[in-house]
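To keep things clear, I will list the structure first and then write my remarks on it.
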There are 2 protein chains.
Amino acid sequence: MAVSLDERPSAEIRSRKQRAPNSPPRGAPDRHAGQAARNSEIVYRDLHDAIVDVSLVPGTPIVEKEITERYGISRTPVREAILKLAEEQLVDVIPKSGTFVARIPVAVLQEAIVARRALEEVCVREATAKASKSQLMELRAIIQREYELSAAGDEHAFHEADNVFHAGVAAAGGYPGIWTMVEKIRLQVERYRRLTLPQHGRMKLIVAEHEAVLDGIENRDANAAVAAMNSHLNKLRIDIATFRDLWPDYFLFDRK
Amino acid sequence: MAVSLDERPSAEIRSRKQRAPNSPPRGAPDRHAGQAARNSEIVYRDLHDAIVDVSLVPGTPIVEKEITERYGISRTPVREAILKLAEEQLVDVIPKSGTFVARIPVAVLQEAIVARRALEEVCVREATAKASKSQLMELRAIIQREYELSAAGDEHAFHEADNVFHAGVAAAGGYPGIWTMVEKIRLQVERYRRLTLPQHGRMKLIVAEHEAVLDGIENRDANAAVAAMNSHLNKLRIDIATFRDLWPDYFLFDRK
DNA sequence: CATGTATAACTGGTATACAAGATATTTTAC
DNA sequence: GTAAAATATCTTGTATACCAGTTATACATG
């Protein structure tokens, strides 16, 4: 009955390190604990990825018991994973009824794009002011890698490199945390993007745009760099009307 | 042994509505379910508030069992609340060891301030362009209320009104969701603010600054409005050196 | 007395059983 | 045959018991 996800309970069952702990004031845990694998993390990551790349489409029921059996674990960690997804608005949990992959909230899309542009502009501007030579070289290397992946047609790896570039720009500006924020904001937009435009063929264009951004930074021309970045980000037009008829059930139109 | 929080298991034990559900594609839940109170929400809110207003100082142990007994509930909902706090970096969970109120990450503070300024600038600029008359009147009313609360010396209510003003500006710009983002970003900064500067006496100044922002918006002078907002937000200087010696254990200095 | 080691008392992580509401199905009345 | 009511079977929410590390304490040992 329930649409089941593909069989891939994630290779690893023991991994993923944890964030550095804060030692409490009076004597206590101070070292980095060995990585205690939380199974909930694995389930979370798998579901998260499946939802973001739209292999789990909006409306798909997520049944705890089903996941429980697939991973061979109990409901508790599964539940934790689902709760985490619920906070990111990737699933909707309806008490005593069921959990479903959330629709893509159109209103949020628009704001997410605006917010991202604002945050990335700050990063680019700051990177222009104080990127070190090594950071510039690093960015140039990433672009080169993008070029190679583009030629190889490896969309998945390319997409990752794309993210690395943006993260690198933020880091060069001294604001690595801002990219973390952008990544959270990007979630819903990413679902839209994956759904509507396969970036096949767009890869070379993206490489060129990244080059324009980096050129601006290297030349210490903030306005040019920012303009290039904005132009780059503006490529994603939210033209929802087109898809309203195609997948009416995949989007949420009214205000949440 | 453990520093315990004050006795106040939150008056309500049944409340808080839930977000509108998404109905899955084929026939399913479509109406707003009656508000099913999740006890985890109550515990979360109480702990959240206590941490943000620094009545629970960084390093304080959070003991599940203790909370369990105080609220008369089981560990499961308590655990959910704590996990939620962990995601917001308000607590650090160290497996098999303990859970502690997180230190304030200095590096994050700087970035949070920059990010907030960037996001609010967008909101102000957009509000200047398209705020309706009713929205302007609403904002003016909020400022009036701030003035009254300032005179009455009600810091808590004033602070809430402060937030309402910023939320109103975002809404007037057509980006209500961006204020939600800002609120998440604000968390750590808020802890710092509460810790370092009691805003007693600063209230009147804040009212004046809000007035300057609104004046700019009303006059459709985007640059003036933005300048006023930036000036307003810049008032919070992160002058960490001063507090390094005062509360060395309350802050986290190295990169997380 | 100093130091290393065993041990007991914590902690959070997980599994499982039960409760309560929502939905789907069947049954029954007309 | 249709519609309404009873019921069975889903779901998530909660409570509880158990497990496995961690940490502190007591104790043996030099």
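In the text below, chain A, chain B and the rest are named by the order of the sequence lines, each starting its count at 1. Small disclaimer: the values here were computed from a predicted structure and weren't measured.
Put simply, CD on A:Glu64 is 13 Å from P on C:dA15, counting in whole angstrom units. Atom CD of A:Glu80 and atom P of C:dA15 are 10 Å apart (whole Å). Rounded to an integer number of Å, the gap from A:Lys65 NZ to D:dT12 P is 11 Å. In this structure, B:Asp92 atom CG and C:dT11 atom C1' are separated by 15 Å, rounded to whole Å. Between the CD1 atom of B:Ile62 and the P atom of C:dT11 there is a distance of 13 Å, rounded to whole Å. One interatomic measurement links the two molecules: CD1 of A:Ile94 to P of C:dA22, which rounds to 11 Å at whole-angstrom precision. For the pair B:Tyr71 OH and D:dT14 P, the interatomic distance rounds to 14 Å; values are reported in whole Å. For B:Glu66 and C:dG12, the CD to P distance is 11 Å, given to the nearest whole Å.
Under the salt bridge (charged side-chain N to carboxylate O under 4.0 Å, His left out) criterion, A:Glu126 pairs with A:Lys130, sequence neighbours left out. Partners of B:Gln110 by side-chain hydrogen bond (donor to acceptor under 3.5 Å, both in side chains), not counting sequence neighbours: none found. Remark: A:Arg145 pairs with no residue by the side-chain hydrogen bond (donor to acceptor under 3.5 Å, both in side chains) rule, at least two apart or across chains. Among residues two or more places apart in sequence or in another chain, the ring pair (Phe, Tyr, Trp, His ring centres under 6.0 Å) test is passed with B:Phe251 by none. Contacts of A:Ser40 classified as side-chain hydrogen bond (donor to acceptor under 3.5 Å, both in side chains), with partners at least two apart in sequence or in another chain: A:Glu80.
The residue A:Ser40 sits apart from the nucleic acid: no heavy atom pair falls under 4.0 Å.
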> In B/S/- notation, 5' to 3', how is nucleotides 15-21 of chain D contacted by protein heavy atoms closer than 4.0 Å?
Replying inline: BB---BB
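Between A:Leu85 and the options A:Ile62, A:Leu47, A:Val93, A:Asp92, a side chain to side chain contact (heavy atoms under 4.5 Å, CB included) holds for only A:Leu47.
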